[in-house]
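Data block below; observations after.
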Amino acid sequence: MPHKPPTQEELEKRKIVGVNFETVTDVSSTDFPGHYPGEDHAWDIERFKKGFSVEFHQNDPYEASFSLIGCDASIANAFRRIMIADVPTLAIENVFIWNNTSVIQDEVLAHRLGLIPFTGGREGLHEFLKWFEKPAEGEQPNCTDYNTVELSLDIKCEDNDDADSKETDPTKLYHHAHVYAKDIVFKPIGRQEQYFSGENIIRPVNPDILIAKLRPGQQISLTMHMHKGVGSDHAKFSPVATASYRIMPTITITQPILGRDAEKFQKCFPKGVIGLEKVTAKEAAQKGSGYRGHEGELKAVVVDPKRDTVSREVLRHEEFKDKVKLGRRRDHFIYLVESTGQWESDAIFLESVSHLKAKAKSLEQQLVNMVR
């Protein structure tokens, strides 16, 4: 018998991971050649283009949320890992301490300074500044204006002669009792002033990051060199505070949920997932709808499933046992990207796309070389 092609409903059902009371079903993908007799599931670029899309839900400079729809989990995870580990940023790499009489040891102080996120002019950070090549043993480092950014921190704590005799707050008793990121001074070299001046000056993303606490007589005097790096070398170079994704939740109401049950059903989910609407006259008159005789009563409807955390709370209640199905769509990934400030959040994702393309071309060239 000839193979009957699947309906659109069947195709959508294949994409859903079932979330049950105690089990998770259909966790493996089935859209590969040979799984369904008579169906062609060989990868095709045109088919991929037709089914793939990107939808932004939030796009702020420091935080973005968007969906990748129609791709495999391996590709989705590749973008996440590239955003964390391969997109370059500028961070403090070398600290030259001339004087440190604070209670913080030199090594700890240098580590704290390295983790402070900085920002500056986008053109200077991403185009003008180049990679710094570490010198071989015995050679002098080649620090220039296009591969090294110099910063300095010179703070000394002193008594405040104008403080009240009964004052107990150290920030009022002393000058520079607390050392903050805003106390770090950028020292432009050569052409850096063209790219990093005015609003584009290199500065901490958050000026109020606490570096150390000092008391009268204590001093910190040091110079820092910043270089480009990637998160795979050290977390301080990662452009994101977090880059994560989750699979799109699905909620299917299979039988009408009305009245007080609808209100209870709504409370089983995070705010905004389930809404309450009144049963219309048309629905109440429709045969087999389940709403006959319930005109004007409240009914539960799914409003925004992506807000759901899939806690399965609703499955604990006997009255909802056969009225709802929970799941996740395996080809719909909801990303959350939080930038540390050197890249805009959406630009980090676009940069990860460029990196993945470059990796694919490099792999392709290696295969070509193997054939030769």
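All residue numbers refer to positions in the sequence shown, counting from 1.
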Please assess N99 against Q219 for the test side chain to side chain donor-acceptor pair (under 3.5 Å), listing each intermediate value before the final yes or no. CA-CA 7 Å; N99 189 10; Q219 181 179 3; 3.3 Å; yes
To the nearest 0.5 Å, how far apart are OG in S238 and CD1 in I84? 6.0 Å
For the CG atom of D233 and the NZ atom of K228, what is their distance to the nearest 0.5 Å? 14.0 Å
Does atom CZ of R260 have more than 12 heavy-atom neighbours from other groups under 6.0 Å away? no
Heavy-atom check, side chain of N369 versus side chain of L367, under 4.5 Å: no
Is the positively charged end of R80 above the ring of F349, judged by distance under 6.0 angstrom from the centroid and angle within 45° of the axis? no
Q342 side chain reached by P239 side chain, heavy atoms, under 4.5 Å: no
Do K156 and E158 have side-chain heavy atoms sitting under 4.5 Å apart? yes
Beyond-backbone contact of H178 with L214, side-chain heavy atoms, under 4.5 angstrom: no
Between F132 and C143, which heavy-atom pair has the shortest distance, and what is it? CE1-SG, 3.9 Å
Determine, using the 4.5 Å side-chain heavy-atom cutoff (strictly less than), whether I253 and F21 are members of one ILVMFWY cluster. yes
Supply the atom-to-atom distance M83 CE to I348 CD1, rounded to the nearest 0.5 angstrom. 8.0 Å
Whether H41 and Y36 hold their rings parallel, tilted or perpendicular, with breakpoints at 30° and 60°: tilted
Lys/Arg-Asp/Glu bridge criterion (N-O < 4.0 Å) met for E12, K15: yes
So how far is it from N77 CG to F333 CZ, rounded to the nearest 0.5 Å? 9.0 Å
Do M248 and L336 sit in one hydrophobic cluster, given that two such residues count as connected whenever their side-chain heavy atoms are within less than 4.5 Å of each other, even indirectly? no
Working note: R14 + D26, criterion salt bridge (charged side-chain N to carboxylate O under 4.0 Å, His left out); need CA distance, chi angles, decisive distance, verdict. CA-CA 8 Å; R14 292 176 185 177; D26 303 315; over 6 Å; no
Please answer: with hydrophobic residues joined when any side-chain heavy atoms are less than 4.5 Å apart, are V302 and I257 in the same cluster? yes
With sequence neighbours excluded, tell me which residues meet side chain to side chain contact (heavy atoms under 4.5 Å, CB included) with H176. I155
Walk me through it: do V108 and H111 pass the test side chain to side chain contact (heavy atoms under 4.5 Å, CB included)? CA-CA 5 Å; V108 178; H111 184 260; 5.6 Å; no
Is a side-chain donor-acceptor pair under 3.5 Å present for E39 with H35? no
Which is it for T252 and V324 under the side chain to side chain contact (heavy atoms under 4.5 Å, CB included) test, yes or no, and what are the steps along the way? CA-CA 6 Å; T252 305; V324 62; over 6 Å; no
Start with the C-alpha distance between I184 and S152, add both sets of side-chain angles, then the distance that settles side chain to side chain contact (heavy atoms under 4.5 Å, CB included), and finish with yes or no. CA-CA 6 Å; I184 296 175; S152 67; over 6 Å; no
I want to check something: taking the side chain as every heavy atom from C-beta on, are D346 and F56 in contact at a cut-off of under 4.5 Å? yes
Report yes or no: does N147 contribute a side-chain atom to a donor-acceptor pair with the main-chain N or O of T144 at less than 3.5 Å? yes
Kindly indicate, with the supporting measurements, whether the criterion side chain to side chain contact (heavy atoms under 4.5 Å, CB included) is fulfilled by V179 and K213. CA-CA 6 Å; V179 182; K213 293 183 178 181; over 6 Å; no
Using the ring of Y180 (Phe, Tyr or Trp, six-membered ring only), decide whether K182 places NZ or CZ under 6.0 Å from its centre and within 45 degrees of its axis. yes
H225 and H227 aromatic ring geometry - parallel, tilted or perpendicular at 30°/60° bounds: perpendicular
Going from CG on N142 to NZ on K134, what distance comes out if it is rounded to the nearest 0.5 angstrom? 15.0 Å
In this structure, which one of T340, V149, L125, L151 forms a side-chain contact (heavy atoms from CB on, under 4.5 Å) with F118? L151
Close side-chain approach of K264 and F320, heavy atoms under 4.5 Å: yes
Minimal heavy-atom distance between N160 and K172, with the atoms involved, is ND2-O, 2.9 Å
Does R307 use its side chain to pair, donor to acceptor, with the backbone of V273 at less than 3.5 Å? no
Flag yes if I209 and V185 sit in one hydrophobic cluster, no otherwise; membership is Ile, Leu, Val, Met, Phe, Trp, Tyr, and two members link when side-chain heavy atoms are under 4.5 Å apart. no
Looking only at non-hydrogen atoms, find the nearest pair between K306 and P249 and report the distance. CA-CD, 4.0 Å
For the residue pair F186 and I202, what are the closest heavy atoms and their distance? CB-O, 3.6 Å
Distance only, no hydrogens: is a donor on one side chain within 3.5 Å (strictly under) of an acceptor on the other, for Q58 and D60? yes
Identify the residue among E319, E313, K321 that makes a side chain to side chain donor-acceptor pair (under 3.5 Å) with H317. E313
Does the distance from a Lys or Arg side-chain N to an Asp or Glu carboxylate O, for R329 and D331, drop under 4.0 Å? yes
Would you call the rings of F52 and F48 parallel, tilted or perpendicular, taking 30° and 60° as the class edges? parallel
Listed pairs under 3.5 Å, donor-acceptor, residues 61-72 side chains, sequence neighbours left out:
from : atom 1 : to   : atom 2 : distance (Å)
S65  : OG     : Y335 : O      : 3.3
S67  : OG     : H57  : NE2    : 2.6
S67  : OG     : H332 : NE2    : 3.0
D72  : OD2    : S74  : N      : 3.0
D72  : OD2    : S74  : OG     : 2.7

S197 side chain vs E193 backbone, donor-acceptor pair below 3.5 Å: yes
Test item: D159 and L173 side chains (from C-beta on) under 4.5 Å apart, heavy atoms: no
Verdict with reasoning, K361 to E364, per salt bridge (charged side-chain N to carboxylate O under 4.0 Å, His left out): CA-CA 5 Å; K361 287 183 178 180; E364 182 185 29; over 6 Å; no
As an exercise, state the distance from CD1 of I92 to CG of L113, rounded to the nearest 0.5 Å. 5.0 Å
Please find the pair of heavy atoms, one from A91 and one from G114, that lie closest to each other, and give the distance. CB-O, 4.3 Å
For the residue pair I116 and I211, establish whether any side-chain heavy-atom pair is separated by less than 4.5 Å. yes
Around K323, counting heavy atoms of other residues, nucleotides and ligands shown, do more than 12 lie under 6.0 Å from its NZ? yes
Can V19 be reached from I274 by stepping across I, L, V, M, F, W or Y side chains whose heavy atoms are under 4.5 Å apart? yes
Taking the six-membered ring of Y291 as reference, does the NZ or CZ atom of K299 fall below 6.0 Å from its centre and within a 45° cone about the axis? yes
How about W98 and T223: does a side-chain donor come under 3.5 Å of a side-chain acceptor? yes
List the steps, then state whether salt bridge (charged side-chain N to carboxylate O under 4.0 Å, His left out) holds for K236 with E93. CA-CA 9 Å; K236 66 185 177 184; E93 177 71 359; 3.0 Å; yes
Minimal non-hydrogen separation, P135 against P141, with atom names: CG-CA, 3.8 Å
